[in-house]
Amino acid sequence: MLTYQDVLNDIYQKIEPILNEGKVADYIPALAQVNPEQFAMSITLFDGSSYHVGCSDEKFSIQSISKVFTFTKALSIYSTDLYKRVGKEPSGNPFNSLVQLEYESGIPRNPFINAGAIVVTDTLINNYKTLDATYSEVSNFIKEISDNKNIDFDENVCSSEIKHGHRNLALANLMKSFNNLDNNVDDVVKTYFKHCSITMSTKELSRAMLFLANHGTDPITNKKFITSSQTKRINSVMLTCGHYDASGDFAYHVGLPGKSGVGGGIVAVVPNVMSIAVFSPRLNSWGNSLAGTKALEIFTTKTNLSIF
Ligand code: GLU
């Protein structure tokens with residue numbers, strides 16, 4: 001019988017020939033400095049056992065994966081009131097698109113596109129009062145769910161994002177003009193960038209996502225972070241919106257709730273079974289890890305562990 005380790009080893013073998021395909025995100029210059037042909041995949045099970053292949057200890061920029069954590073925090077604070085400020089429908093548009101935001105009066109389609117995560121950050125600043133407290137609460141939450149105090153952000157990536165963040169600033173300004181941003185535009189966007197520039201390895205990310213596979217409670221420590229109903233919502237939004245305008249494609253090929261980031265990471269959840277993280281920096285044309293998406297597709301095909 002094949003073990004999970006056999007499956008991961010086999011995936012790595014199948015993925016190796018395509019590690020040179022796709023393009024590293026270079027609109028954030030600091031991200032373009034990573035070694036592009038890295039690959040890692042980790043899974044964590046409810047009994048605490050975990051399996052890894054590739055550079056699973058290598059920390060990388062989690063980028064939009066942070067949107068799962070900020071959305072979780074905001075949903076647990078504001079519950080359904082959050083949806084007065086941000087929707088929960090797929091956007092069918094690129095992650096940083098301005099067009100839809102204009103004709104939908106500054107209400108972003110969902111918390112996983114940039115505009116949505118910027119609004120979510122604004123609601124967190126309202127709740128925690130200061131920028132430092134907002135960052136600390138988000139990073140403390142990540143430390144708690146990953147049961148690991150060793151989580152930080154990358155100053156270099158953060159300042160590179162700030163220097164080249166024209167489009168995110170445009171999104172934030174547009175929302176401000178529609179009265180959908182309470183705090184100072186620069187402050188909100190900088191805090192959003194700080195969340196995006198948090199670094200974690202696949203080992204850490206797969207551990208961090210486990211509560212979302214178990215109705216909001218960490219099956220290892222038994223700590224309850226959110227309700228079962230909130231967990232259902234977050235996983236649903238990951239399934240329908242977690243990969244921007246390729247969310248349908250990801251659901252079709254992988255069949256799991258997941259969230260990608262332009263740093264090359266993807267997290268995914270197999271409800272009641274495990275959580276998964278993959279990393280490979282070269283992206284497909286939608287901005288999702290090319291090899292990472294393929295690895296997840298092979299994983300669910302081989303193990304039959306898709307939700308469908
Ligand atoms: N920090 C990135 C940006 O705002 C996040 C995008 C992503 O990971 O998809 O452009």
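Note that ligands are numbered from 1 as they come in the structure, with each ligand's atoms numbered from 1 the same way.
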- Query: Should N114 and N168 be marked as a side chain to side chain donor-acceptor pair (under 3.5 Å) after you check the CA-CA gap, both sets of side-chain angles, and the distance that decides it?
  - Reply: CA-CA 7 Å; N114 288 10; N168 285 312; 2.9 Å; yes
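- Closest to atom 7 (C) of ligand 1 among all protein heavy atoms lies S64 OG, 2.6 Å.
- The N/O atoms of S260, backbone and side chain alike, include none that comes under 3.5 Å of an N/O atom in ligand 1.
- Among all heavy-atom pairs drawn from A32 and V24, the shortest one is CA-CG1, 3.8 Å.
- Counted by atom type alone, K67 and Y192 present one or more donor-acceptor pairs between their side chains at under 3.5 Å.
- For S49 and D47, the side-chain atoms include at least one donor-acceptor pair closer than 3.5 Å.
- With a 4.0 Å heavy-atom cut-off, ligand 1 is reached by the side chain of E161 but not by its N, CA, C or O.
- Atoms of ligand 1 lying under 4.0 Å from any heavy atom of Y192, numbered from 1 in the order shown and given with element: 1 (N), 2 (C), 3 (C), 4 (O), 5 (C).
- At a threshold of 4.0 Å, the pair K84-D81 counts as salt-bridged, since one of the basic side-chain nitrogens sits closer than that to a carboxylate oxygen.
- Among all heavy-atom pairs drawn from N184 and D186, the shortest one is OD1-N, 3.0 Å.
- F95 belongs to a hydrophobic cluster with Y27, I28, L31, I113, V157, Y244, V262, L283, counting contacts under 4.5 Å between side-chain heavy atoms of Ile, Leu, Val, Met, Phe, Trp and Tyr, direct or through other members.
- Distances shorter than 4.0 angstrom occur between a heavy atom of N114 and an atom of ligand 1.
- Of all atoms in ligand 1, numbered sequentially from 1 with element shown, those under 4.0 Å from a heavy atom of V262 are 6 (C), 7 (C), 8 (O), 9 (O).
- Which parts of ligand 1 touch N168 is read off a 4.0 Å heavy-atom cut-off, strictly below it: atoms 3 (C), 4 (O), 10 (O).
- Residues D6 and T3 bring a donor and an acceptor atom of their side chains to less than 3.5 Å of each other.
- Distance from atom 1 (N) of ligand 1 to its nearest protein heavy atom, with residue and atom name: Q63 OE1, 2.6 Å.
- Comparing heavy-atom distances from atom 3 (C) of ligand 1 across Y244, F193, Y27, F112 singles out Y27 as nearest.
- Considering backbone and side-chain atoms alike, F95 places every N or O at 3.5 Å or more from each N or O of ligand 1.
- Taking only nitrogen or oxygen atoms, main chain and side chain alike, K67 does not reach within less than 3.5 Å of ligand 1.
- Less than 4.0 angstrom separates some heavy atom of C196 from each of these atoms of ligand 1: 1 (N).
- Listed by number with element, the atoms of ligand 1 under 4.0 angstrom from any heavy atom of G261 are 8 (O).
- Using a cutoff of 4.0 Å between basic side-chain nitrogens and carboxylate oxygens, R207 and E204 are not scored as salt-bridged.
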